[in-house]
Number of protein chains: 2
Amino acid sequence: MTTRRRPGLGTNQELARRHNLGTVLRHVHGAGQISRAELTGLMGLNRSTIAALVNELEALGITERVPPVEGTPRQGAGRPSAGVRVADRGPFVIAVDLGVDRAVVASIGLGGRVLQRSEAPVRSDGEAWQVGAAVAGLIRCVVEEVPDAAQLVGIGISVPGLVRSSDGLIRLAPNLEWHDVSFGGIVLAALGLDVPVSIANDADLGALAEHVRGVAVGVDDLIYVSGNVGVGAGVITAGVRLEGAGGYAGEVGHLRFNPAGRECHCGNRGCWETEVGAHAIAEAIHCPLDKVAQLDEVLAGFGEPSPALRATGTALGHGLASIVNVFNPRQVVLGGYFRSLYALVGPEVEAGLADRALPAPLESVTLTLPGLGSDSSLMGAAEIALEPLFVDPVAALGTALVGVGARLAG
Amino acid sequence: MTTRRRPGLGTNQELARRHNLGTVLRHVHGAGQISRAELTGLMGLNRSTIAALVNELEALGITERVPPVEGTPRQGAGRPSAGVRVADRGPFVIAVDLGVDRAVVASIGLGGRVLQRSEAPVRSDGEAWQVGAAVAGLIRCVVEEVPDAAQLVGIGISVPGLVRSSDGLIRLAPNLEWHDVSFGGIVLAALGLDVPVSIANDADLGALAEHVRGVAVGVDDLIYVSGNVGVGAGVITAGVRLEGAGGYAGEVGHLRFNPAGRECHCGNRGCWETEVGAHAIAEAIHCPLDKVAQLDEVLAGFGEPSPALRATGTALGHGLASIVNVFNPRQVVLGGYFRSLYALVGPEVEAGLADRALPAPLESVTLTLPGLGSDSSLMGAAEIALEPLFVDPVAALGTALVGVGARLAG
DNA sequence: GTCCTCCGTCCTCTCGTACAACAAATTCTG
DNA sequence: CAGAATTTGTTGTACGAGAGGACGGAGGAC
């Protein structure tokens, strides 16, 4: 991820300092461990400047120094550079992935280190406050063994639905049957805490996670297409998340696909989702309706793809072609049950894409599976919760909470 | 437009200075004239800092000071603030809008001031070097009366086609029947000059121009949908142009629209372009084929819309719905012949959009006509040519040419 | 074993912005 | 109409951050 300047604002030297400190931390976070020499090269700053920044992070208790011996195997002459590593007992966040049938919660430190993890099934017809209470229980679980000195920076929540970016309100989550739910407030109330909460769409977070530490590291234009009962996409362009005016960008599931097709729950006819959505696929493979939420596992158990499944693969490819034409990504990551589907009918998907995409955007795009498996959205939730730390480490630690384990236990 | 930090780079203090100097100039450029007090407020810097920056721009001959008397009518007490204005005889650029049947060329100064303007018809089956020669002739025309002291910063060219962002190569321009044409080099060779040339897609530049000085000033998420024989879109998100990996993003003309529809020249069937493209509309209104390039004028002469035209309006709205769902813009600007079409069947377009878009993205979007009329792409071409000036004024002036009028005449 | 290369630390230098003080210009107020 | 209040331009100073050089240290290359 890249930060973006506010339009038209000037650069204060205090601002520059904050940016540099945050960027160093971002690099350490991205690599897990990195040498000072690498930081110097990456950031284009002087050795002495990098030293000052690293020392400050160390004084803040965020990073720790590593003797050069443990570093990467030497290459070339010269004195080996000391490493910078994420500190044990450093700041951490809580990531929540609200799925269609289960919730996964984890405490995650910088560098993407999962400290503890817990999950539980969630009733799809549950009220928001019930789900919130369940999530709060899981959160209590995953902070139990976190060291008391560690600071909780915030909570990140991944939701399968439309989330307003300005305030994190869940405008619509079809699978949960939620409308205008302020889930962040619900969880905080259930916990009795007050920490920053960030909420975003699951596909957006999948894209973010794959960009930071998944299969798309270094790729600045990518799309994460998520099959998750509904179909959505997270878009990263020039290294930045595409949000749109309200935060709803990437709703590719309701691209017009076949005006003569089936009715969609959105009220239209022939949305792409009616062809490659979970219900369509379940119907195509004669999967019982109560198994729709576990479509990924069902598909994974398949041996030979049926003709109907092949047709679905082609439809997936055709829809991806529209997406590739419109966004011109360098990589398309297929998440959710599209992973199993792609494993079954990959050739059909590729062929459908190649058949319908324009030559110019097609020539530079690759189709891949997520590098984080089914944890993309969870890791993405951790990323948005960590984000303030990279914008201004000092300020973020200022609002962070200490001793959360004890506070939630008592 | 907003600049964006390179991912992971550090902020040098020299860099900060350049950014601040460029940002001041960007504000002056955007407003035409602005007071130092306003700059102080906008950029969040100290009075003395702004004074230093303004003085430097003045020393560079880019801006000039305006006595406070001529400024805007006073409001409130206090000493009136001196104004900063774009200098006469300041730097300028050459903007080229390569249309389907004509080329428009203008010399344009900061603040969007058109110095001279010239245009000529272009044969649609012309070879690239022929068109290049014609454009070069127009360029000689528009620099004739430019003061000798004025510096030419660069040339910006708007092209109806796919342009590779890395080097400005025109990959494909269907209407001109060009493949992989390096038009920038051709024009420079015909001129015998060596200045920076920027080339981009016409819809992208339309979006840019409308964002900077058109109907979308202050709107950071907008889409300019251009009907121009082919159909394309320029997207601006969070104030930044959406380019994609190769620069081809925004090819909405080949979104799948009706798989049972007509064949498209791209090889597929039922692209959106086959329903709302110039040829489809011409057919619907029984317009002779040789008039397709002037479809805008033909439509403008229409009185009452025919049922076929109404259907086209609905199709336009339906397609826009997909675009709105995917990008979640705050404003959609209809350019090219969509202007006349919208004037005729606006209600159908609006209804089609409202019918098919998701409620959340729909509620914040507005449909408008361009504020710059048919000059959007031309002004956008000027913008990309001016861009280096806002990134680093000193460096951009360093590579600029002086006395271009005499040089091209002799 | 010696030289070379590269890195961390320390110190000083430079440069850009912030800040404070003063003068100037205009509006507000009595 | 005159003085107060307000806001701005200008100037000089202070602070802070990064650059650059000098030095010593650690390892590889020959």
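Throughout, a chain's letter reflects where its sequence line sits, starting with A, and its residues are numbered from 1.
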Please state whether the base of C:dG16 and the side chain of B:Q13 form at least one donor-acceptor pair under 3.5 Å?
-> no

Are B:T63 and B:V86 side-chain neighbours, meaning at least one heavy-atom pair lies under 4.5 Å?
-> no

Record whether the side chain of A:R79 comes under 3.5 Å of the base of C:dC6 through a donor-acceptor pair of N or O atoms.
-> no

Just how far, in rounded Å, is P of D:dA17 from CZ of A:R18?
-> 12 Å

Take A:R26 and A:E387 through the salt bridge (charged side-chain N to carboxylate O under 4.0 Å, His left out) test and state the conclusion after the steps.
-> CA-CA 9 Å; A:R26 198 185 289 275; A:E387 187 64 28; 3.2 Å; yes

Set of side chain to side chain donor-acceptor pair (under 3.5 Å) partners for A:R213, sequence neighbours left out = A:H29

Mind calculating the distance between CG (A:L21) and P (D:dG16) to the nearest angstrom?
-> 16 Å

Axial bend angle, the helix from C:dG1-D:dC30 to C:dG30-D:dC1: five-pair end segments, nearest 10° | 20°

Side chain of B:S81: nearest nucleotide among D:dG18, D:dT8, D:dT10?
-> D:dT8

All side chain to side chain contact (heavy atoms under 4.5 Å, CB included) counterparts of B:R47, not counting sequence neighbours | B:T40

Take atom CZ of A:R113 as the centre, draw a 6.0 Å sphere, and report whether it contains more than 12 heavy atoms from other residues, nucleotides or ligands.
-> yes

Interatomic distance, B:L53 CG vs C:dC15 P [rounded to whole Å] = 16 Å

Between NE2 of A:H19 and C1' of C:dT17 the distance, given in whole Å, is 18 Å

Phosphate OP1/OP2 of D:dA19: any B:N12 side-chain N/O under 4.0 Å = yes

Near DNA chain D, which residues from residues 43-52 of chain B have a heavy atom under 4.0 Å away?
-> B:R47, B:S48

What are the two closest non-hydrogen atoms of B:A382 and B:I108, and how far apart are they?
-> CB-CD1, 3.7 Å

Whole-Å gap separating C1' (D:dA17) and CG (B:L15) = 14 Å

Rounded interatomic separation in angstrom, taking CG from A:N55 and C1' from D:dA17 = 15 Å

Sequence neighbours left out, what passes side chain to side chain donor-acceptor pair (under 3.5 Å) with A:T399? Give chain and number order.
-> none

Rounded to whole angstroms, how far apart are CD on B:E14 and C1' on C:dT14?
-> 12 Å

So B:E56 and B:R17, salt bridge (charged side-chain N to carboxylate O under 4.0 Å, His left out) or not? Walk me through it.
-> CA-CA 11 Å; B:E56 184 164 351; B:R17 172 76 176 182; 2.4 Å; yes

Qualifying salt bridge (charged side-chain N to carboxylate O under 4.0 Å, His left out) pairs with a residue from residues 388-402 of chain A, counting only residues at least two apart or across chains | A:R18-A:D392

If you pin B:R17 and A:A37 to their nearest nucleotides in DNA chain C, which one's is more 5'?
-> A:A37

Compare side-chain N and O positions of A:N20 against OP1 and OP2 of D:dG18 and report whether any pair is under 4.0 Å apart.
-> yes

Here the distance between atom C1' of C:dT17 and atom CG of A:L9, to the nearest Å, is 15 Å

